[in-house]
Amino acid sequence: MTTTLIDGIGLLYTGDPEREEIPDAAVVVEDGLIAWTGPAAQAPDADERVDVAGRGVIPGFVDSHAHLIFAGDRTAEFQARMSGEPYTGGGIRTTVAATRQASDAELATRALGLVNEMLAQGTTTVEIKSGYGLSVADERRSLEIATGLTDETTFLGAHVVPADLDADSYVRLVAGEMLDACAPYAKWVDVFCERGAFDGDQTREILSAGLKAGLGARVHANQLGEGPGVRIACELGAASADHCTHLTAADVAALADSDTVATLLPGAEFSTRSPYPDARRLIDAGATVALATDCNPGSSFTSSMAFCVALAVREMRMTPLEAIRAATYGGARALRRTDVGWLRRGARADLVVLAAPSYVHLAYRPGVPLVHQVFREGLLL
Ligand SMILES: [Zn+2]
């Protein structure tokens, strides 16, 4: 078995709460896994040595919220919004129409392109949702395509009620026949719990059916206004409540007292010119916070975790350390994964060598491509 010593690391951010930062560090990789981390001066011998010449190293980003199975283009909608029209979520139906018309190959090619775009920017784990099919066949094929790209697949039939059905019949379909068809391809079930999408009772019904089918729960919660989403996520033991932009004191307390991660998606607020979530309030209360891109063609068409880190620091008053933690360790917690999101013995050797001496530069130098190299399971891409 070959061991590789990655040596000469400026600042190593490990993501491991027991020892988060190690200056002048080294990492030993063995058989695709982390075998050792520590000060370079104490590094053990290895078969091969890679000198990264003072660059910073971080775990690969864990992007725990992305919508990558879609077709069509919403440039005009973005342009209109930036010219003063409000975001209501109704544009999802535009993407649904285009997605239903696209071939499997078109959808797969588009999604693979986005996954590769993410990988080149240091994202080594990504969650992918369905939600632009909204029929049994189109949701199932969306998830089938997603399973070819990631283990973290999410059934989001409850994204919006399709134009041709009333809400009650659609909820019955999602929690019944559609769930049955999609569950074999999904790890998670998700609901867009929001005024104009699905209310509390509908959310509870769909999530409960998903849990019964063996899926884990996650919720699009409290994005556009206060509502029951976060409370339901915590009550049902969801892995994550995503968005968390409009929270009551009770919502914050519920997140702090639960294992449900608060996943913040500042790309959505940026791209819809909306107020950002109050990250400080959540962190100070003791909630676990993750950052993700929400990559989707409507409300947040970025694939860059580094951009989200920069937004979190500048606009949400997270410290650079809190932001990198949320983008790696936090994302892994939101997917209930212990093999990614940190560089500790036994974890997957997914890591990013930065074109900068430390992770702080991700926020300090916003918009600058700072990924020098990406290793996935110990292999240099
Ligand atoms: Zn989303």
Side-chain angles (χ1 to χ4, degrees), residues 62-70 72 74 77-78 81 87-96 99 111 114-115 118 123 125-134 139 142-143 146 150 152-161 174 186-198 203 206-207 210 216-225 227 229-230 232-233 238-246 260-272 274 276-277 289-305 307-308 311-312 326-327 330-331 334-335:
V62 179
D63 188 348
S64 60
H65 186 136
H67 308 249
L68 306 186
I69 312 296
F70 65 87
R74 284 162 67 184
E77 178 191 320
F78 175 77
R81 198 161 65 232
Y87 173 65
T88 59
I92 291 170
R93 292 193 181 90
T94 313
T95 300
V96 171
T99 302
L114 287 165
V115 168
M118 290 171 156
T123 299
T125 303
V126 60
E127 180 258 20
I128 301 178
K129 300 174 195 297
S130 67
Y132 293 118
L134 309 187
E139 284 297 301
S142 295
L143 284 161
T150 184
E152 301 296 338
T153 54
T154 300
F155 169 46
L156 180 61
H159 200 182
V160 70
V161 178
V174 171
K187 176 177 173 186
W188 305 99
V189 59
D190 193 345
V191 176
F192 188 16
C193 181
E194 198 75 49
R195 260 190 302 274
F198 298 88
T203 299
I206 293 162
L207 291 179
R218 26 199 347 103
V219 187
H220 280 69
N222 304 54
Q223 177 189 4
L224 304 176
V230 163
I232 292 170
S240 181
D242 296 49
H243 285 288
C244 293
T245 311
H246 297 272
T260 302
V261 173
T263 299
L264 310 181
L265 309 166
E269 279 78 31
F270 177 88
S271 299
T272 58
S274 303
Y276 290 92
V289 169
L291 284 169
T293 61
D294 193 16
C295 183
N296 78 82
S299 58
S300 181
F301 202 10
T302 182
S303 55
S304 169
M305 288 293 283
F307 174 64
C308 295
L311 284 181
L335 295 172

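Numbering of ligands and ligand atoms starts at 1, following listing order.
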Check whether Asn296 reaches the backbone of His67 with its side chain - one donor and one acceptor, N or O, closer than 3.5 Å.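 No, because the side chain of Asn296 does not come within donor-acceptor range (under 3.5 Å) of the backbone of His67.
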For Asn222 and His246: C-alpha separation, side-chain torsions, deciding distance, then whether side chain to side chain donor-acceptor pair (under 3.5 Å) applies. CA-CA 5 Å; Asn222 304 54; His246 297 272; over 6 Å; no
Distance-only polar pair, side chains of Thr245 and Glu269, donor-acceptor under 3.5 Å: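 Yes.
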Check the surroundings of atom CZ in Phe270: do more than 12 heavy atoms from other residues, nucleotides or ligands lie under 6.0 Å from it? no
Parallel, tilted or perpendicular: rings of His159 and His220 (30°, 60°):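 Tilted: the ring planes of His220 and His159 meet at 30° to 60°.
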Quick check for you: within a radius under 2.8 Å, how many protein N, O or S atoms neighbour the Zn ion (ligand 1)? 4
Please name all residues satisfying side chain to side chain contact (heavy atoms under 4.5 Å, CB included) with Ala233, sequence neighbours left out, ordered by chain then number. Val219, Ala238, Ala241, Thr260
